[in-house]
Amino acid sequence: LFKQLVLVATRQDSYVPIYSAHIHVPLSNSQLGGSSDMFINMVRNILSPVIANPDIKIIRLTLDIDFKAQNLNTLIGRAGHIALLENPKLILLLLFGLYDILR
């Protein structure tokens with residue numbers, strides 16, 4: 001398994017909800033509709049090996065990205081979804097910012 005698990009979400013991502021990117025159950029079950037039991041079991045199954053190992057750090061980050069230009073990608077939430085993939089400088093910023101925590 002990993003020594004660190006960094007889960008990153010963006011507020012501008014309309015494709016993947018923050019609770020899903022962070023692998024946790026939302027405070028309000030209304031966000032899950034009728035599938036709350038299924039979602040709780042899924043979260044438990046994904047995280048149980050991680051939680052069972054006290055040496056693994058879980059870090060959850062929520063980014064708020066200010067897109068200067070408005071276009072179709074920002075309107076439909078795609079820009080927030082792929083922001084990390086298209087911005088290597090942002091990835092480096094995260095890595096260097098988390099360096100002391102992750103070593």
Side-chain angles (χ1 to χ4, degrees):
L1 285 175
F2 299 102
K3 292 182 181 180
Q4 296 93 8
L5 179 62
V6 180
L7 304 169
V8 181
T10 64
R11 295 189 191 286
Q12 293 75 19
D13 186 347
S14 295
Y15 288 13
V16 179
I18 291 173
Y19 64 84
S20 185
H22 283 174
I23 314 175
H24 72 80
V25 179
L27 295 176
S28 169
N29 281 345
S30 65
Q31 291 176 294
L32 299 175
S35 59
S36 60
D37 290 338
M38 179 183 66
F39 194 83
I40 291 168
N41 287 332
M42 182 176 67
V43 168
R44 186 179 299 125
N45 290 336
I46 292 171
L47 289 181
S48 61
V50 176
I51 293 170
N53 187 340
D55 296 329
I56 299 175
K57 294 180 191 176
I58 301 174
I59 300 168
R60 291 179 171 95
L61 300 174
T62 303
L63 305 179
D64 194 359
I65 301 172
D66 183 19
F67 295 104
K68 299 298 180 200
Q70 291 292 318
N71 56 37
L72 181 60
N73 286 332
T74 57
L75 292 175
I76 64 173
R78 182 179 180 272
H81 185 72
I82 61 172
L84 290 173
L85 299 174
E86 290 187 336
N87 194 339
K89 291 179 183 177
L90 183 55
I91 294 172
L92 287 173
L93 179 67
L94 286 173
L95 287 175
F96 286 116
L98 293 172
Y99 178 78
D100 288 334
I101 296 170
L102 297 177
R103 41 179 202 146

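Quick caveat, the model's predicted, so the values are computed rather than measured.
No donor-acceptor distance shorter than 3.5 angstrom exists from the side chain of S20 to the backbone of P17, with no hydrogens or angles considered. Although no hydrogens or angles enter the test, the distance criterion places no donor-acceptor pair under 3.5 Å between the side chain of Q12 and the main chain of G77. A donor-acceptor pair is defined here as one N or O able to donate and one able to accept, closer than 3.5 Å; such a pair exists between the side chain of R60 and the backbone of H22. In this structure a side-chain-to-backbone donor-acceptor pair under 3.5 Å is missing from N87 to A83. In terms of modelled atom types and a separation under 3.5 Å, the side chain of S48 and the main chain of R44 share a donor-acceptor contact. Judged purely by atom type and a 3.5 angstrom limit, K57 uses its side chain to pair as donor or acceptor with the backbone of I101.
Cluster membership for M42 and V50, using ILVMFWY side-chain heavy atoms within less than 4.5 angstrom, is shared. Hydrophobic clustering (side-chain heavy atoms under 4.5 Å, transitive across Ile, Leu, Val, Met, Phe, Trp, Tyr) groups I46 together with I40. Under the 4.5 Å side-chain contact rule for hydrophobic residues, L61 and L84 share a cluster. Residues L7 and V43 share a hydrophobic cluster, clusters being chains of Ile/Leu/Val/Met/Phe/Trp/Tyr side chains in contact below 4.5 Å. Linking Ile, Leu, Val, Met, Phe, Trp and Tyr whenever their side-chain heavy atoms come within less than 4.5 Å puts Y19 and L47 in one cluster.
In this structure D66 satisfies the side-chain hydrogen bond (donor to acceptor under 3.5 Å, both in side chains) test together with K68, sequence neighbours excluded.
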Trace of the side-chain contact (heavy atoms from CB on, under 4.5 Å) decision for I58 with I23 = CA-CA 10 Å; I58 301 174; I23 314 175; over 6 Å; no
Could you walk me through whether L90 and I65 pass the side-chain contact (heavy atoms from CB on, under 4.5 Å) check?
-> CA-CA 10 Å; L90 183 55; I65 301 172; 4.2 Å; yes
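Put simply, the side chain of I82 does not reach to within 4.5 Å of the side chain of D13, judged on heavy atoms. Using a 4.5 Å heavy-atom threshold, the side chains of T62 and T10 count as separate.
Atom CD1 in I51 sits 10.5 Å away from atom CG in L5 (nearest 0.5 Å). A distance of 4.5 Å separates CG of L102 from CD1 of I59, quoted to the nearest 0.5 Å. For the atom pair CG (N53) and NZ (K3), the distance works out to 11.0 Å, reported to the nearest 0.5 Å. With values rounded to the nearest 0.5 angstrom, R78 atom CZ is found 9.5 Å from N71 atom CG.
Shown here for L63 and V8, the closest heavy-atom pair between the two residues is CD1-CG1, 3.7 Å. Residue F67 comes nearest to G80 through the heavy atom pair CZ-N, 3.8 Å, listed as atom of the first residue, atom of the second, then distance. Closest approach of I76 to S14, counting heavy atoms only: O-CB, 3.4 Å.
The aromatic rings of Y15 and H81 sit tilted, their planes meeting at an angle between 30° and 60°.
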